[in-house]
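Count residues from 1 along the sequence. Owing to the predicted nature of the structure, the values given are computational and were not obtained by experimental measurement.
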Amino acid sequence: MRVRRYRVLHSTIYVYSDEVTSSYGRAYLTPREFPGQRLLAHDIRVDPVPSDRSVGTDVYGNTTLYFHVTAEHRRLEVTGESTVEVTNPPEIPEPGPWEKARPAIENGPLAVEFTLDLNPPEIIAEVAAYAAESFPPGRPLLEAVRELTARIYTDFTYKSGSTTVSTRVADVFAARRGVCQDFARLAIACLRSLGLAARYVSGYLATDPPPGRERMVGADATHAWAAVWLPDGTADGHWVDFDPTNNQFADERYVTAAWGRDYADVPPMRGIIYTDAKESSIRVSVDVAPIEV
């Protein structure tokens, strides 16, 4: 069993060209707790200090922070700091033919929602045909997922800045390029086209420096991957995380912050401001630093 501990520092700074009189925000910056991941310490700092803030849980069990800043400001900084312990997932035996992993009210009531397409739809004919190549009848589920992951990694080019959070899966598929969230959403659409349950996972990937180089503080970034549902005889079932961007199943380097049906369910930050500012900028810094266990 491999165990790693990390200090995760996630800072978001907004700068505006004029005064902001009111700022409402919601942050998904609190890493989840589940078997294989423990949250040892956590804090979120907001500057200017909010006049109102509260912590809640959404429908998927993610912890969210709501805040309202009423002091006039031209700069807003939100920083999440966490200490997390992650254990590599146990090896999962093949559950059998992928067709038997389709959830239903009888065997996976909590997973059925994750089989549904989005609105507007993301499952187009081309995506369904692409998925079908890795899922011939009777093929073991994880074997098929492993091949789909490798194909997306090979067939699509990672290019920073080539898409936005609103880019559709169809556009990513046509352009054959994107970033981690695009490849996760493409994989999810592929699985859902087959009636399988898949969810979007937001978090962090600890990166190791090249041989002979020191680790660069702040060089990390938020990351996104996907998870597929496996029946295990319980209502919850079992989820296996996989990463098309890096062609692998998730291990102890992956820190999970939140999950949902799509990126729109769990963006790290979202909000509304009241201002006459014509221009604004955003700067995001992420550092995932290993801590000796």
Side-chain angles (χ1 to χ4, degrees), residues 8-16 20 22-32 37 39 42-47 50 53-69 76-82 84 113-114 116-120 122 158 160-169 171-172 178-189 198-205 220-227 241 243-245 250 254-275 280-288:
V8 180
L9 194 65
H10 183 157
S11 174
T12 306
I13 299 174
Y14 301 90
V15 177
Y16 307 99
V20 173
S22 188
S23 178
Y24 296 87
R26 185 172 295 280
Y28 285 84
L29 298 176
T30 305
R32 294 190 65 123
Q37 181 168 297
L39 182 60
H42 178 67
D43 183 39
I44 297 179
R45 299 182 293 275
V46 182
D47 182 28
R53 64 182 285 165
S54 61
V55 176
T57 304
D58 70 6
V59 68
Y60 301 116
N62 303 301
T63 299
T64 70
L65 169 71
Y66 159 84
F67 62 86
H68 181 199
V69 176
L76 175 68
E77 181 172 3
V78 182
T79 302
E81 183 173 0
S82 308
V84 186
E113 179 184 0
F114 292 88
L116 304 176
D117 197 4
L118 304 177
N119 186 21
E122 296 282 28
Y158 185 96
S160 180
S162 61
T163 58
T164 69
V165 295
S166 60
T167 301
R168 303 287 305 281
V169 165
D171 297 326
V172 174
V179 295
C180 60
Q181 70 183 34
D182 300 308
F183 303 152
R185 296 176 66 240
L186 171 60
I188 290 167
R199 69 187 180 194
Y200 180 95
V201 187
S202 173
Y204 311 95
L205 174 60
D220 300 308
T222 57
H223 193 49
W225 58 97
D241 293 32
D243 181 4
T245 303
Y254 288 75
V255 177
T256 299
W259 59 57
R261 294 190 61 240
D262 188 51
Y263 168 85
D265 291 333
V266 289
M269 290 288 304
R270 64 154 58 105
I272 298 173
I273 62 171
Y274 291 85
T275 182
S280 65
S281 64
I282 179 174
R283 184 169 78 250
V284 179
S285 174
V286 174
D287 187 52
V288 184

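Looking only at side-chain heavy atoms (C-beta outward), Val78 and Met269 come within less than 4.5 Å of each other. Between Arg199 and Ile188, the closest side-chain pair of non-hydrogen atoms is not below 4.5 Å. The shortest side-chain heavy-atom distance between Val69 and Leu76 falls under the 4.5 Å cut-off. In this structure, Asp58 and Thr63 have side chains that are not in contact, with every pair of non-hydrogen atoms separated by 4.5 Å or more. Taking the side chain as every heavy atom from C-beta outward, Asn62 and Thr57 never approach each other to under 4.5 Å. Proximity of Thr79 to Ile44: side-chain heavy atoms (C-beta onward) are nowhere separated by under 4.5 Å. Within the 4.5 Å cutoff, the side chain of Leu29 has no heavy atoms near those of the Leu65 side chain. Under the 4.5 Å side-chain criterion, counting only non-hydrogen atoms from C-beta, Val286 is not in contact with Leu9.
Residues passing the side-chain hydrogen bond (donor to acceptor under 3.5 Å, both in side chains) test with Arg261, sequence neighbours excluded: none. Applying the ring-ring contact (aromatic ring centres under 6.0 Å, His included) rule to Phe114 yields the partners Tyr60, Trp239; only residues at least two apart in sequence or on another chain are considered. Evaluation of the ring-ring contact (aromatic ring centres under 6.0 Å, His included) rule for Tyr254 yields Trp225 as partners, not counting sequence neighbours. Partners of Asp117 by side chain to side chain contact (heavy atoms under 4.5 Å, CB included), not counting sequence neighbours, listed by chain and number: Pro121, Glu122, Ile123. Contacts of Thr64 classified as side-chain hydrogen bond (donor to acceptor under 3.5 Å, both in side chains), with partners at least two apart in sequence or in another chain: Arg26. Listed by chain and residue number, nothing satisfies the side-chain hydrogen bond (donor to acceptor under 3.5 Å, both in side chains) test with Ser54 (two or more places apart in sequence, or in another chain). Looking at residues two or more places apart in sequence or on another chain, you find a salt bridge (charged side-chain N to carboxylate O under 4.0 Å, His left out) between Asp262 and Arg185. Val165 meets the side chain to side chain contact (heavy atoms under 4.5 Å, CB included) test with Gln181, Tyr263; sequence neighbours excluded. A search for ring-ring contact (aromatic ring centres under 6.0 Å, His included) contacts involving His68 returns Tyr24, not counting sequence neighbours. Arg270 meets the side-chain hydrogen bond (donor to acceptor under 3.5 Å, both in side chains) test with no other residue; sequence neighbours excluded. Ser280 is linked by a side chain to side chain contact (heavy atoms under 4.5 Å, CB included) to Tyr16, counting only residues two or more places apart in sequence or in another chain. Residues passing the side chain to side chain contact (heavy atoms under 4.5 Å, CB included) test with Val15, sequence neighbours excluded: Ile13, Arg75, Ser281.
Here the side chain of Asp287 pairs no donor or acceptor atom with the backbone of His10 at under 3.5 angstrom. Side-chain atoms of Ser82 do not come within 3.5 Å of backbone N or O of Val84 as any donor-acceptor pair.
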Worksheet entry | From CA spacing to verdict: side chain to side chain donor-acceptor pair (under 3.5 Å), His223, Asp243 | CA-CA 10 Å; His223 193 49; Asp243 181 4; 2.9 Å; yes
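The pair Arg45-Glu77 does not meet the salt-bridge criterion, since no charged nitrogen lies less than 4.0 angstrom from a carboxylate oxygen.
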